[in-house]
Amino acid sequence: MEKRYDFSASAECAIYDDWDSSGAFRSRGGSSKQKSYTIMMPPPNVTGRLHIGHALDNTLQDILVRYHRMRGFDCLWLPGTDHAGIATQLLVSKQLSASGIDFKQLPREEFLEHIWRWKDQYGNIILQQLRRLGASCDWSRVRFTMDEGFLRSVRHAFLRLYEDNLIYRAERLVNWDPRLETAISDLEVNQVSMRGELCLIDYPVVDESSVITIATMRPETLFGDSAVAVHPADERYASFVGLRCLVPLTGRSVPIISDDRVDREQGTGALKITPAHDFLDFEIGRDHSLESIVIFDKRARLNDRVPPAYRGLSREQARKDVVSALRTEGLLREVRAEEHSVPHGERSGVALEPRLTKQWFLRMDDLAARALRAVDDGDTLLLPQIWHSTWRNWLSNIQPWCISRQLLWGHRIPIWYTESGDEIAAISEESALEIAEQRFGKGISLSQDEDVLDTWFSASLWPFSTLGWSDEGFTDSSLLQRYFPTDILMTGFDILFFWVARMMMMSFYFMGCVPFRVVYLHALIRDASGRKMSKSLGNVVNPIDLMDRYGCDALRFTLALQAIPGRDLRLVEKRIEGNRNFITKLWNSARFLELQDCRYDRDFAIGAIEGSLHKWMLVRLRETTIKVERALDDQTCLFHEASSVLYHFLWDVFCDQYLEMVKLVLSNGNAAEKEEARFSSAWIFYGLLRLLHPFVPFVTEKIFCDAEIFASRDKDERLITSQWLSADSLAFTADNWAGEVAELEWVLGLVGEVRSLRSCLGLSPREVVPLRCEDLTSVAERYINAWTIVARGMAGVEWSGRGISGDVIKEEKIVGFVYEGFVNAGLGLPLGFAIAEAKSRVAKQLKRWDSEFEFLKKKCFFDDKFAKNAPEAIKRAEMLKFEEAQRHKELLAKIHQDL
RNA sequence: GGGUCGUUAGCUCAGCUGGUUAGAGUGCCGCCUUGACAUGGCGGAGGUCGCUAGUUCGAGUCUAGCACGACCCACCA
């Protein structure tokens, strides 16, 4: 083995390529008899670059997949990318405009060619990056949400929903993004809090000398006003209802109406109604049959429905101009600065404009109800379960989903129109023509709907479309049979509604069951000071960069350690550094075993082990295995638990305790003991290596391949294909070896106590301290004889048993007593130490035990409530504690006196 | 307005169904390099668990209220 573990990109890639070419990642397919385990990777955007969120997401998935693979499952982890309509179109159009091409001037097909070319060139960068992360997905089944299969699936899905009247086309007010010039769904709207001006504007009442004052943050929309509304019970305005008023700057008069949706408390209580540009106004306008006056074009500039002076202005400019004109006319009563929130496009970042257009919608109520019931019934488990109520709230108040987008990149809506405007839904243009001819006779010319579908529409088919689903009798259903429903979906909570809910709905609709049994929603990664990572803050960390500096395993382990359900995690570089040290520790422990000629032998029988050191270690190994298995269970997914158990087991137990003791055996034991230590330690290490592999795959594989410890492995054998050392397969039980465990705990406790005291007393580590032992219990006597070497090697003490007189004490300063550990271990075992130090220590302890004693005495003997109400087991435990405290107190008092 | 979460050591965080002296990493202090590892070893200091009440024999843990912080949804005239 090399002296240092090489975690450079090239070294890790070599390991990865080995795995990949050995076929270890590949799922077996329909013929396999193994149990299957399926995860569909949430497809990253083709435009994406691996960010830290992907790293977390895929690390956790990889841990599960590797774990299940080692446990003998036939794993399918299917990777892929999403075509990401808006993001991709934006990116490519920006590139084009950088080279002087306006994509809007290009024919549709030509622009799409540019995008496809771009996709072929850069579209799988992120998949390459996932390899660097160690993601063990089945690359033979990689998918893209606009590949051939998806094209068929999407059209089938659309047609069925259309035929079942769940998809319909309607003219509605939708959220319109004036920069992207497309409709977007409610979910893609972000409310941004901004400073604005609330304008109180007088609308002169026709034929009266009075005015009605309305309040608005958007005075420029007054050109679209078609009424002023007040609350029916509002006495202030009761006399105006039924009259008309003049919309300033236009000369138009509009009715003053009453409607109970008007809030009397807001603004002035009088509301201007602009049906074409406000959601509430739209409803009021509809119910009062008001005209909808569209005053913005698709880029949100004022159109020719407004007075010439304002045409072509942006909303912002128009707002300024309108305010000053109103001021000139004396109709502006007041302007107040106010905070308000303005809907912005999540993607484009510009203020949205509600816009009246024809769009395609998907009715959600029934679909949502089914998805809701699935989670209520436990068919799908949401982890952490906190999300259950959020899930319920959202699904039970669901609005139709606007699925059409006025974009070029995406799945075209499979609807064709005749010249007279008849709709024909079909799977392809040919089929549409056929239908048209049947219906209307020959010679019909058709044009396809210009819109494309929301990216999330195709994404919602991901779990089954990736397995070859289409409709009736389409190909390859054996994969669906075998791998669907999938076992777990791992993703961020931010796309719970965008994606998870919609997959659930579609799966019920098309497959009749849930798409996944568990949904694990991981949290957000923040920077070291707790801020969200964002480009504008400049605090985005690049996971590739972190891997270059600390190794992939260190990053993975850090993420796993912090993957606590429902908690955001802060990425602190110190922690990654610490985990790199952990990887080094692992590497060096392997080197140690190698240098000591420890060899793994698959025929080595752990049942024949005699040394209690190894038995203890095996019990601890089994215990650790159980903890890891329990933590990785599908229903819990406690990655932080599993990884922290392994961290401490390797470092504290295996290295600092076990290997230190193995060293002593190897230097002091007899031949048989040495041999046993070599085989046992290697055997145990192999088990540990397998436990660690899902978390830190590269270093463990490298050790397995390079270390002489595993020289007996087959040439092509890889750790990734090794069988997990399951707790069940360890043929011993903790009970059989309880004595050995107690023995080791005793000696380690002793070592700890002696070390602590030595350090307090300032004894040099080199200095071997002779200790005189008296009043040994039989168990201690046995242990002391057995563990003399360890006591000397690890605690630096040389002890002598009963009957040896005090003259072994050779240092003058050693005249006090060691007490704590021995007392705790149930031994009255006084040992000599320095008097002044010992005395103050004893005094401190005495005080503690004295108060403990008094407290427990009161509780056990004078507390009636306790005596009456506490369970027997607790009472017994308290009584034991009392007796212990009493013993300690008395012993310490005596020692204190002696000193 | 509706909902969710958080507040534990200097810092970042664990702490499962209430039960010995509340833990880890990191930082800090002291000691230690001839053989796996200084990316290391050994020891140590440091917390009235946000505040107030309550339930209980017993509360970091359960209940209520409050304070501060974060987030989601809806609305915003």
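Just so we're clear, the structure is a prediction, and the values are computed from it rather than from any experiment. Convention: sequence-line order gives letters A, B, ...; per-chain numbering from 1. Because only heavy atoms are used, hydrogens play no part in the values below, and waters and symmetry mates are left out as well, while side chains stay in.
The side chain of A:Leu198 lies closest to B:rA77, out of B:rU39, B:rA77, B:rA36. Distances were taken from every side-chain heavy atom of A:Asp656 (C-beta onward) to each of B:rA77, B:rC37, B:rC42; the shortest belongs to B:rC42. Side-chain proximity of A:His640 to the nucleotides B:rA14, B:rC57, B:rC37 is greatest for B:rA14. Comparing atom distances between the A:Thr584 side chain and each of B:rU12, B:rG41, B:rU39 picks out B:rU39 as nearest. Which of B:rG25, B:rC57, B:rG40 sits closest to the side chain of A:Tyr647 comes down to B:rG25. Comparing B:rU12, B:rC57, B:rA36 by their closest approach to the side chain of A:Ala870 singles out B:rC57. In the set B:rC13, B:rG41, B:rC57, B:rC13 carries the atom at the smallest distance from any side-chain atom of A:Arg570. Side-chain proximity of A:His648 to B:rC37, B:rG25, B:rU39: nearest is B:rG25. For A:Phe592, the side-chain atoms get nearest to B:rA36 when compared with the rest of B:rA36, B:rU12, B:rC42.
A tilted orientation is assigned to the rings of A:Tyr686 and A:Tyr600, their planes being inclined by 30° to 60°. The aromatic rings of A:Phe882 and A:Phe853 sit parallel, their planes meeting at an angle under 30°, below the 60° perpendicular limit. In this structure, A:Phe704 and A:Phe710 have tilted ring planes: the angle between them lies in the 30° to 60° band. In this pair, A:Trp587 and A:Tyr5 present their aromatic rings tilted. The plane angle is within the 30 to 60° band.
Of the nucleotides present, none pairs with B:rC16 by Watson-Crick or G-U wobble criteria with both distances under 3.5 Å. With both pairing distances under 3.5 Å, B:rU34 is matched to nothing as a Watson-Crick or G-U wobble pair. B:rG6 is paired with B:rC68 under the criterion used here, namely a Watson-Crick or G-U wobble arrangement in which both key atom distances are under 3.5 Å. B:rA45: no Watson-Crick or G-U partner with both key distances under 3.5 Å is found in any strand. The pairing partner recorded for B:rC75 is none, the criterion being a Watson-Crick or G-U wobble arrangement whose two distances lie under 3.5 angstrom.
In this structure, A:Arg4 places its CZ atom where only 12 or fewer heavy-atom neighbours from other residues, nucleotides or ligands lie under 6.0 Å away. The neighbour count for A:Glu265 CD, taken as heavy atoms of other residues, nucleotides or ligands under 6.0 Å away, does not exceed 12. Summarising the local packing, CZ of A:Arg392 is surrounded by more than 12 heavy atoms from other residues, nucleotides or ligands at distances under 6.0 Å.
Across all strands shown, A:Ile564 has heavy atoms under 4.0 Å from sugar-phosphate atoms exclusively, and none from any base. Nucleic acid contact class of A:Arg526 (heavy atoms, under 4.0 Å, all strands): sugar-phosphate only. Among the heavy atoms of the strands lying under 4.0 Å from A:Arg575 is at least one base atom, whether or not backbone atoms are also near. When heavy atoms are screened at a 4.0 angstrom cut-off, A:Asn869 is found touching base atoms of the nucleic acid. Within the 4.0 angstrom heavy-atom criterion, no nucleotide atom of any strand lies near A:Trp391. Among the atoms of the strands shown, none is found under 4.0 Å from any heavy atom of A:Met794. Counting non-hydrogen atoms under 4.0 angstrom, A:Thr216 reaches the backbone sugars and phosphates but no base. Using a 4.0 Å heavy-atom distance criterion, A:Ile874 is classed as a base contact. Using a 4.0 Å heavy-atom criterion, one finds that A:Arg580 contacts the bases of the nucleic acid, with or without backbone contacts as well.
Applying the 4.0 Å criterion to OP1 and OP2 of B:rC37, one finds that A:Lys3 has a side-chain N or O inside that range. Residue A:Asn581 places at least one side-chain N or O under 4.0 Å from the OP1 or OP2 atom of B:rG40. Close to B:rG41, at under 4.0 Å from its OP1 or OP2, lies a side-chain N or O of A:Lys585. Applying the 4.0 Å criterion to OP1 and OP2 of B:rG27, one finds that A:Lys574 has a side-chain N or O inside that range. Of the side-chain N and O atoms in A:Trp651, one or more sit less than 4.0 angstrom from OP1 or OP2 of B:rG41. For B:rG6, the OP1/OP2 oxygens have a side-chain nitrogen or oxygen of A:Arg567 closer than 4.0 Å. Side-chain nitrogen and oxygen atoms of A:Gln596 include at least one within less than 4.0 Å of the OP1 or OP2 phosphate oxygen of B:rA36.
Across B:rA74 and B:rG27, the matching P atoms stand 45 Å from one another, rounded to whole Å. Going from the C1' atom of B:rU12 to that of B:rG6 covers 14 Å, rounded to whole Å. Comparing the P positions of B:rG54 and B:rU48 gives an interatomic distance of 22 Å, to the nearest angstrom.
The nearest heavy atom of RNA chain B to A:Gly752 and to A:Ile386 marks one nucleotide each, and the one closer to the 5' end goes with A:Ile386. Between A:Ala215 and A:Ser389, the residue whose closest nucleotide on RNA chain B is further toward the 5' end is A:Ser389.
Looking at A:Glu660, its side chain comes within 3.5 Å of the base of B:rA36 through a donor and an acceptor atom.
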Start with the C-alpha gap between A:Thr221 and A:Lys272, add the side-chain angles, then the distance that decides, and say whether side-chain hydrogen bond (donor to acceptor under 3.5 Å, both in side chains) holds. CA-CA 9 Å; A:Thr221 62; A:Lys272 73 187 209 53; 2.6 Å; yes
